[in-house]
Amino acid sequence: MPEGPSILILREEVERFVGQKVQRAEGNARIDIAVLQGRTLTAVRSWGKQLLLELDGVTVRVHLLLFGSYAIDTRKDRPPRLSLGFASGEVNFYNCSVRLLEAPADTLYDWRSDTLSDQWDPALTLARLRDLPDMLICDAILDQQLFAGAGNIFKNEVLFRIRVHPLNTLGALPGEKLEELVAEVRQYAFDFLAWKKAHVLKQHWQAHRQHTCPRCAIPFSKAKLGRNQRRSYYCEHCQLRYG
DNA sequence: TGGTTTGTTGCAGC
DNA sequence: AGCTGCAACAAACC
């Protein structure tokens, strides 16, 4: 499920419960779930891959990680991590990380680095990238402090779009390539969102999980690269190395 | 069929 | 003390 645009879709679906009271709260999350009972859902926000449910001053953070899922007005055949029942329906979360924020969300999250936020700040992101010359570009795209909401699909698709090899360091890239990177992550976030809503995301993958380069038709390279050894799909011919 | 994976945390070991 | 690397989580998909 869980790159940023998928979480934005989830947020839009849960927003229909805003203004309603939690009539029933249960689940196996390791938080004090009883605290949520009777509170009104005042806002649903998101930062990157995190969903934030604001309930009368208490904020629940839901992160679907790699395997998490949810169901609205239906249930899955397993116990929910968190289930919230409202007058008009219910939302159920499974196999996810659930925590209560220790401080107001505005003090914990920098909305300027959320790739889907109205407050997205490309100039700030560019400045941050310039301060990290030794970081691999394949790691930079996955870094949530830089590009909140970007994930492995973003990484593969954006690097293919801007024709940059994943093993370049940020410092090796020409200035205009860094600018292109920032612009294309933002652009792909909205492409992803639109395609996901239309249920056509996968058919638009040009690199991720692909076997052949659509530009030059040679086989893609497939390797686990970078700090987290995440899978990369890339074209050794079309995606350039600098420096 | 079974290996892989849209991700992150926490902790052991150094 | 601060780092690194790996287990854990746990299920749909190809």
Side-chain angles (χ1 to χ4, degrees), chain A residues 1-13 27-31 46-52 60-71 74-83 92-102 105 108-110 113-116 132 134-136 138-161 166 184-212 219-234:
Chain A
M1 289 302 318
E3 295 196 26
S6 301
I7 302 307
L8 185 56
I9 291 167
L10 165 58
R11 169 181 154 195
E12 289 172 355
E13 290 184 55
N28 57 24
R30 288 189 293 236
I31 61 166
S46 58
W47 184 85
K49 300 163 188 169
Q50 307 184 27
L51 180 74
L52 305 171
V60 179
R61 193 209 75 171
V62 177
H63 198 310
L64 298 180
L65 300 177
L66 194 53
F67 305 118
S69 63
Y70 64 93
T74 59
R75 294 188 180 206
K76 301 201 170 195
D77 183 22
R78 75 191 89 108
R81 181 73 27 93
L82 177 66
S83 174
N92 302 299
F93 299 100
Y94 302 90
N95 310 325
C96 55
S97 164
V98 175
R99 297 206 328 223
L100 298 180
L101 293 193
E102 305 288 331
L108 296 175
Y109 298 102
D110 185 349
S113 49
D114 183 335
T115 54
L116 285 160
L132 297 164
D134 297 329
M135 184 181 272
L136 293 177
C138 62
D139 287 332
I141 297 172
L142 296 175
D143 188 318
Q144 298 301 293
Q145 300 309 312
L146 295 169
F147 295 107
N152 207 37
I153 298 172
F154 272 66
K155 180 194 74 181
N156 289 319
E157 293 299 309
V158 168
L159 289 176
F160 181 76
R161 285 178 170 201
E184 205 60 58
V185 172
R186 172 79 166 176
Q187 178 61 50
Y188 187 69
F190 286 96
D191 288 345
F192 187 128
L193 179 63
W195 288 330
K196 181 83 181 180
K197 282 183 174 175
H199 308 289
V200 293
L201 178 66
K202 292 181 188 182
Q203 58 190 264
H204 288 280
W205 286 345
Q206 295 186 91
H208 186 71
R209 295 208 190 186
Q210 304 306 299
H211 298 286
T212 309
F220 269 125
S221 297
K222 177 180 165 187
K224 293 185 177 181
L225 305 180
R227 216 166 34 190
N228 296 321
Q229 295 287 290
R230 300 296 305 278
R231 184 78 72 185
S232 284
Y233 297 83
Y234 55 100

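Values reported hereafter were calculated over all heavy atoms of this structure, with side chains retained and with hydrogens, waters and symmetry mates removed. Chain identifiers are assigned alphabetically (A, B, ...) following the order of the sequence lines, protein sequences preceding nucleic acid strands; residue numbering begins at 1 within each chain. The model shown is predicted, which means the values in this text are computed figures rather than measured ones.
Counting to the nearest Å, the C1' atom of C:dC14 and the CD atom of A:Q210 are 12 Å from each other. As rounded to whole Å, 14 Å separates atom P of C:dC14 from atom NZ of A:K222. If you take OH of A:Y94 and C1' of B:dG7, they are 21 Å apart, rounded to a whole angstrom. Rounded to an integer number of Å, the gap from NE2 of A:H204 to P of B:dT6 is 19 Å. As a whole-Å value, the separation of A:I153 CD1 from B:dG7 C1' is 12 Å. As a whole-Å value, the separation of A:W195 CH2 from B:dT6 P is 17 Å. The NE2-P distance, from A:H199 to C:dC13, rounds to 13 Å in whole Å. When the C1' atom of B:dT6 is taken as reference, atom CG of A:N156 falls 11 Å away, rounded to whole Å.
The two residues A:A148 and A:T115 make their nearest non-hydrogen contact at O-OG1, 2.9 Å. The heavy-atom pair separating A:S6 from A:F192 by the smallest distance is OG-CE2, 3.7 Å.
Taking only side-chain atoms of A:E3, from C-beta outward, the nucleotide of B:dT5, B:dT8, B:dT6 with the closest atom is B:dT6. Nearest to the side-chain atoms of A:R231 among the listed nucleotides B:dT8, B:dT4, B:dT9 stands B:dT4. Listed nucleotides B:dT5, B:dG7, B:dT9 differ in distance to A:R230; the shortest reach to its side chain belongs to B:dG7.
Nucleotides C:dC6 and B:dT4, compared at atom P, are 16 Å apart to the nearest Å.
In this structure, A:Q144 reaches the B:dT8 phosphate: one of its side-chain N or O atoms is under 4.0 Å from OP1 or OP2. At B:dG7, none of the side-chain N or O atoms of A:H63 fall inside 4.0 Å of OP1 or OP2 (strictly under the cut-off). A sub-4.0 Å separation between OP1 or OP2 of C:dC14 and a side-chain N or O of A:K202 is present. Taking side-chain N and O atoms only, A:K49 has no distance below 4.0 Å to OP1 or OP2 of B:dT6.
Side-chain atoms of A:S97 and A:R81 include no donor-acceptor pair closer than 3.5 Å.
At least one donor-acceptor pair under 3.5 Å links the side chain of A:Q144 to the backbone N or O of A:A150. Judged by distance alone, with hydrogens and angles left aside, the side-chain atoms of A:N156 form no donor-acceptor pair with the main-chain N or O of A:A207 at under 3.5 Å. A donor-acceptor distance shorter than 3.5 angstrom exists from the side chain of A:N152 to the backbone of A:R231, with no hydrogens or angles considered.
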I'd like to compare against my own output: the B/S/- annotation of nucleotides 2-11 of chain C with a strict under-4.0 Å heavy-atom distance to protein. --------BB
Represent DNA chain B in dot-bracket notation, 5' to 3'. Only Watson-Crick or G-U wobble pairs with both distances under 3.5 Å count; pseudoknot-style crossings use [ ] and interstrand partners use |. .||||.||||||||
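The number of heavy atoms from other shown groups lying within 6.0 Å of CD (A:E102) does not exceed 12. Open room surrounds CZ on A:R30; 12 or fewer heavy atoms of other groups in view lie less than 6.0 Å from it.
Under the 6.0 Å cut-off for aromatic ring centres, A:Y188 and A:F154 qualify, their centroids lying closer than that.
Screening A:H204, A:K196, A:R161 against A:D191 for a side-chain hydrogen bond (donor to acceptor under 3.5 Å, both in side chains) leaves a single residue, A:R161.
Residue A:Y188 is classed as having no contact, given no heavy-atom separation below 4.0 Å to the nucleic acid.
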